Chemist: 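Pasting a structure here, questions to come.
Quick note: numbers below take in every heavy atom, side chains included, and nothing from hydrogens, waters or symmetry partners. These figures come from a predicted structure and were not determined experimentally. So that the names make sense, note that chain A is the first sequence line, chain B the second, and so on, each numbered from 1.
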Amino acid sequence: MNALFDKLNSAQLDAVKSTEGPVMAIAGAGSGKTRVLTRRMAHLIYNVGVPPHHVLAITFTNKAANEMKSRIAERLNIPTDTLWVSTFHSMCARILRTHIEKLGYERHFQIVDDDDSTQMVKMLLRDMNLDVKLVKPRTLKNHVQKIKAHPELLEDYKEPVRGYLEKIVPAYQRQLKRNNLVDFEDLLLLTIDLFKQHDEVRKYYHEQFQYVLVDEFQDTNDVQYELIRLLVGAHRNLFIVGDEDQSIYAFRGANIENIRRFTTDYPDAKRVLLEENYRSTNTILKAANDVISHNKSRIEKTLYSTKGEGEPIVWFKGYTYRDETEFVAETIRRLVHQGYRYEDIAVLYRANNTSRVFEETMMQKQIPYQVVGNTSFFKRKEIKDMVAYLRLILNPDDNYSFARIVNEPRRGIGQKTVDMLQAFAATEDASMFSRIDDAQTPLKKAATGKLKRFKELITDLRKALENVDFNTFMDTLVEKTGYKEMLQYDDMGDVRLENVMELKTMIAETQNAYRDNDKIDVLTQVLEDIALKSQEDERKDTNVVTLMTLHAAKGLEFRAVFIVALEQGMFPLARSFDSPAELEEERRLMYVGMTRAKEKLFFTSAQQRHLYGEPTSNPDSVFIHEIRDELIRVEGLNKAVTRSYTRPVRTAPPRDADHENDINKGDKINHSVFGRGVVVNVTQDQCVIAFNKDHGIKTLLKNHPSIKKV
DNA sequence: CACCGGTTTATTTTT
DNA sequence: TAAACCGGTG
């Protein structure tokens with residue numbers, strides 16, 4: 001026996017040792033999923049003797065990838081860079097850097113992020129004189145991405161969106177390619193194209209990746225699924241780990257169905273169920289099970305733990321949000337007094353804007369805290385500007401970057417001038433940069449003069465890049481562009497300049513890692529990292545309370561967890577009220593949040609809170625009432641009130657249980673949250689109910705326990 | 001072209 | 001509340 005199998009239970013051991021053929025591991029929250037993944041990889045390399053670079057592990061976040069890499073490398077005492085452990089996107093970027101020329105792109109292609117995509121869609125909308133108010137650019141961008149992945153879905157759209165998409169999608173794609181840019185979706189789609197069109201490339205990677213592991217499989221979208229299918233060769237050594245109950249990214253295209261699809265595509269797949277939880281007390285697990293069992297379609301599984309029963313969940317309801325935040329702060333105080341460290345504690349909320357009131361109270365009460373996942377470093381304006389400069393220096397024909405910084409800092413080159421130049425350049429299908437000196441220019445002398453000076457600036461900087469070292473180059477860049485001077489008159493100038501200098505450090509580090517490469521390659525690599533690793537080494541303050549969204553908490557664990565603002569409309573969000581599918585996703589989010597807690601779990605809510613400046617009051621979150629009474633201790637406002645526990649829907653045989661509620665058109669019903677209503681329509685498993693004016697018409701799950709026939 | 005002030009709008013977001 | 005956006009004026 002060797003240490004690779006230490007401290008693994010039999011199910012985990014099975015998952016680690018079953019190396020050949022397709023394997024699916026269903027891993028409940030806290031069941032030691034990461035441990036299984038890393039041990040399996042180590043086992044493959046160390047015991048089975050597979051060379052490290054023949055194993056591919058795909059994760060969703062850089063954080064997860066890095067953690068896995070370092071754990072394996074440490075255990076096996078090998079350098080991390082021999083391992084192919086990466087996100088879908090960086091894996092694709094890496095493959096495309098070598099092969100993208102086969103698809104007509106240039107090797108030094110740049111990656112645009114979501115904000116850039118939205119910006120481009122917005123510009124296209126304006127160019128085409130389409131109404132920006134009718135469809136929001138952000139929303140339209142999401143549709144564009146969807147159509148890129150699934151062109152056939154265009155037919156499902158109604159006017160005017162359909163017409164917009166028909167025009168925008170090809171224009172958007174043309175523009176990206178023209179500027180040698182790819183977006184996140186392209187990274188996946190182009191890799192798929194590459195594999196489909198070039199057998200020799202595909203064969204090459206089939207030989208290379210003899211074993212493939214995919215983490216968080218429930219979060220894969222259809223394109224990623226396709227990519228995995230193409231990637232796995234005849235050996236079919238594919239290992240997936242997932243938990244459908246933790247799928248919380250459907251709004252981004254994640255498709256839980258992929259888990260089921262896997263079982264049909266690989267009917268011989270071995271199945272391992274990891275149900276033993278190493279994280280939470282049984283009280284927390286039971287409560288989490290209570291909540292999640294209200295979801296209709298799922299593979300039934302019940303987590304258990306050896307951590308004992310633990311204490312009941314405490315639900316505090318205050319009059320106002322002030323009571324609520326103070327309860328949280330005071331409880332944190334008490335916990336710390338009992339020996340908890342600040343870093344053992346997390347405050348989780350559904351939407352970012354909730355953090356503000358908690359921050360205020362934390363500050364007042366002098367409790368050290370950090371807010372995770374606000375504006376990431378690379379999304380800051382000054383960094384995006386610098387990136388645009390760097391991209392333009394690398395590729396002067398990049399119109400998009402050109403437009404971003406041509407007048408940043410102010411050079412008196414306004415929108416009109418840029419528009420004219422763009423139109424002029426478009427007639428020759430050339431870049432703006434290349435036509436500045438053109439004799440035919442329709443631009444005024446003054447404007448042309450300013451543009452020429454700008455062009456000179458960029459050309460000079462390009463020379464500087466080639467002739468001096470990176471540190472000097474970056475100094476020259478902020479100096480010559482006038483960016484540094486601009487920041488001097490900026491309130492936040494100091495911080496911004498510091499951020500820009502941070503970039504300098506990053507380039508230096510990358511250069512060390514790729515010492516032999518030439519400057520262009522190094523800079524390309526830096527820009528790729530910036531695009532793909534958006535907030536990787538967000539510096540973690542030690543020993544502080546963590547405030548973050550429930551989404552951000554996925555994969556983490558804390559001794560004590562507060563889930564706050566548990567009110568209808570706040571969590572679950574109001575949007576989910578009339579969509580059973582969205583409500584189920586909210587419920588999974590609740591499940592994820594609850595299972596973050598190791599020892600203590602707190603729910604809080606307020607009778608009244610300010611929303612967008614207006615005082616509002618909401619009923620208690622349905623999720624609280626989906627938990628058995630004996631698991632919750634009520635404090636604050638509702639202390640004396642009996643709670644209305646709603647039993648879970650039986651999930652076991654959902655097939656012929658349709659008559660369970662036996663709701664028909666015209667029936668009068670009573671809903672535990674919305675009150676009385678009349679059924680106006682019934683479909684297979686849903687029904688449409690008209691409630692009184694406060695709630696209006698809603699579509700709900702027919703068999704949901706919250707509905708009772710009157 | 002730049003700046004001021006009124007109006008509008010409001011999830012989550014690994015890449 | 002707060003930030004983004006638009007339209008008018010200097």
Side-chain angles (χ1 to χ4, degrees), chain A residues 58-67 86-93 111-118 122 132-133 136-139 141-142 145 182-188 215-216 218-221 223-224 246-254 321 348-357 360 372-376 378-379 407 409-419 444 446-447 450 528-536 538 548-556 565 569-576 579 582 585-586 588-590 592-593 609-616:
Chain A
I58 303 174
T59 62
F60 273 79
T61 63
N62 291 296
K63 203 165 91 189
N66 290 335
E67 194 183 323
S86 66
T87 63
F88 274 104
H89 297 266
S90 38
M91 172 190 77
C92 289
I111 302 161
V112 297
D113 65 23
D114 268 356
D115 290 344
D116 294 327
S117 296
T118 310
K122 200 162 143 192
V132 191
K133 281 197 188 106
K136 271 174 287 169
R138 232 177 101 87
T139 319
K141 181 223 75 187
N142 290 334
Q145 300 288 26
V182 304
D183 62 20
F184 288 142
E185 204 64 35
D186 283 336
L187 287 171
L188 306 171
D215 190 13
E216 305 276 19
Q218 76 282 355
D219 288 334
T220 52
N221 62 32
V223 174
Q224 288 159 338
Q246 292 187 68
S247 164
I248 53 175
Y249 285 104
F251 70 92
R252 287 183 72 124
Y321 69 92
L348 310 181
Y349 36 79
R350 174 66 238 255
N352 275 314
N353 58 7
T354 312
S355 74
R356 225 199 63 226
V357 289
E360 278 169 16
V372 170
N374 270 356
T375 20
S376 92
F378 299 114
K379 288 208 166 136
N407 199 32
R410 303 263 136 86
R411 298 187 177 90
I413 303 169
Q415 200 55 52
K416 273 263 165 62
T417 308
V418 176
D419 285 350
K444 292 225 174 69
K450 289 173 192 164
E528 181 180 312
D529 287 351
I530 289 173
L532 294 181
K533 303 184 180 171
S534 36
Q535 47 188 32
E536 185 199 348
E538 203 173 331
M548 62 185 154
T549 63
L550 288 139
H551 281 91
K554 189 166 170 203
L556 305 177
M570 301 292 292
F571 185 32
L573 284 174
R575 277 193 58 130
S576 64
S579 154
E582 280 184 53
E585 176 138 325
E586 297 281 308
R588 288 192 292 269
L589 196 53
M590 179 70 177
V592 167
R609 81 171 59 246
H610 284 269
L611 192 59
Y612 308 136
E614 287 291 307
T616 43

Chemist: At 4.0 Å (heavy atoms only), tell me whether A:Thr59 reaches a base, stays on the sugar-phosphate, or touches nothing.
Modeler: nothing
Chemist: Remember a base hit wins even if backbone is also touched, and classify A:Asp219 as base, sugar-phosphate or nothing at under 4.0 Å, heavy atoms.
Modeler: base
Chemist: Nearest-nucleotide wise, let me know which of A:Glu216 and A:Ile413 is further upstream toward the 5' end of DNA chain B.
Modeler: A:Ile413
Chemist: For A:Lys416, report the nucleic acid contact type (base, sugar-phosphate, nothing); a contact means any heavy atom under 4.0 Å.
Modeler: sugar-phosphate
Chemist: Give a yes or no on whether the ring-centroid distance for A:Phe571 and A:Tyr349 is below 6.0 angstrom.
Modeler: no
Chemist: With a 4.0 Å cut-off on N to O distance, would you call A:Arg356 and A:Glu360 a salt bridge?
Modeler: yes
Chemist: Looking at residues at least two apart in the chain, or sitting in another chain, which of them share a salt bridge (Lys or Arg N to Asp or Glu O under 4.0 Å) with A:Arg138?
Modeler: none
Chemist: With sequence neighbours left out, what residues match A:Lys554 under salt bridge (Lys or Arg N to Asp or Glu O under 4.0 Å)?
Modeler: A:Glu216, A:Asp219
Chemist: Syn or anti for B:dT12, given that syn means the glycosidic angle lies within 90° of 0?
Modeler: anti
Chemist: Between protein and nucleotides 5-13 of chain B, map the contacts as a letter string: B base, S sugar-phosphate only, - none, heavy atoms under 4.0 Å, written 5' to 3'.
Modeler: -----BBBB
Chemist: With heavy atoms under 4.0 Å as the rule, sort A:Leu188 into base, sugar-phosphate or nothing.
Modeler: nothing
Chemist: With respect to the phosphate group of B:dT15, does any side-chain polar atom (N or O) of A:Ser90 fall under 4.0 Å of OP1 or OP2?
Modeler: no
Chemist: My understanding is that only residues two or more places apart in sequence, or in another chain, count here; which of them pass salt bridge (Lys or Arg N to Asp or Glu O under 4.0 Å) with A:Glu185?
Modeler: none
Chemist: Mind checking whether A:His551 and A:Phe251 have ring centres under 6.0 Å apart?
Modeler: yes
Chemist: Would you say the side-chain atoms of A:Ser579 and A:Ser576 include a donor-acceptor pair closer than 3.5 Å?
Modeler: no
Chemist: Listed by chain and number, what are the salt bridge (Lys or Arg N to Asp or Glu O under 4.0 Å) partners of A:Arg411, not counting sequence neighbours?
Modeler: none
Chemist: Please list, in 5' to 3' order, the outermost nucleotides of DNA chain C lying under 4.0 Å from any heavy atom of chain A.
Modeler: C:dT1 to C:dC5
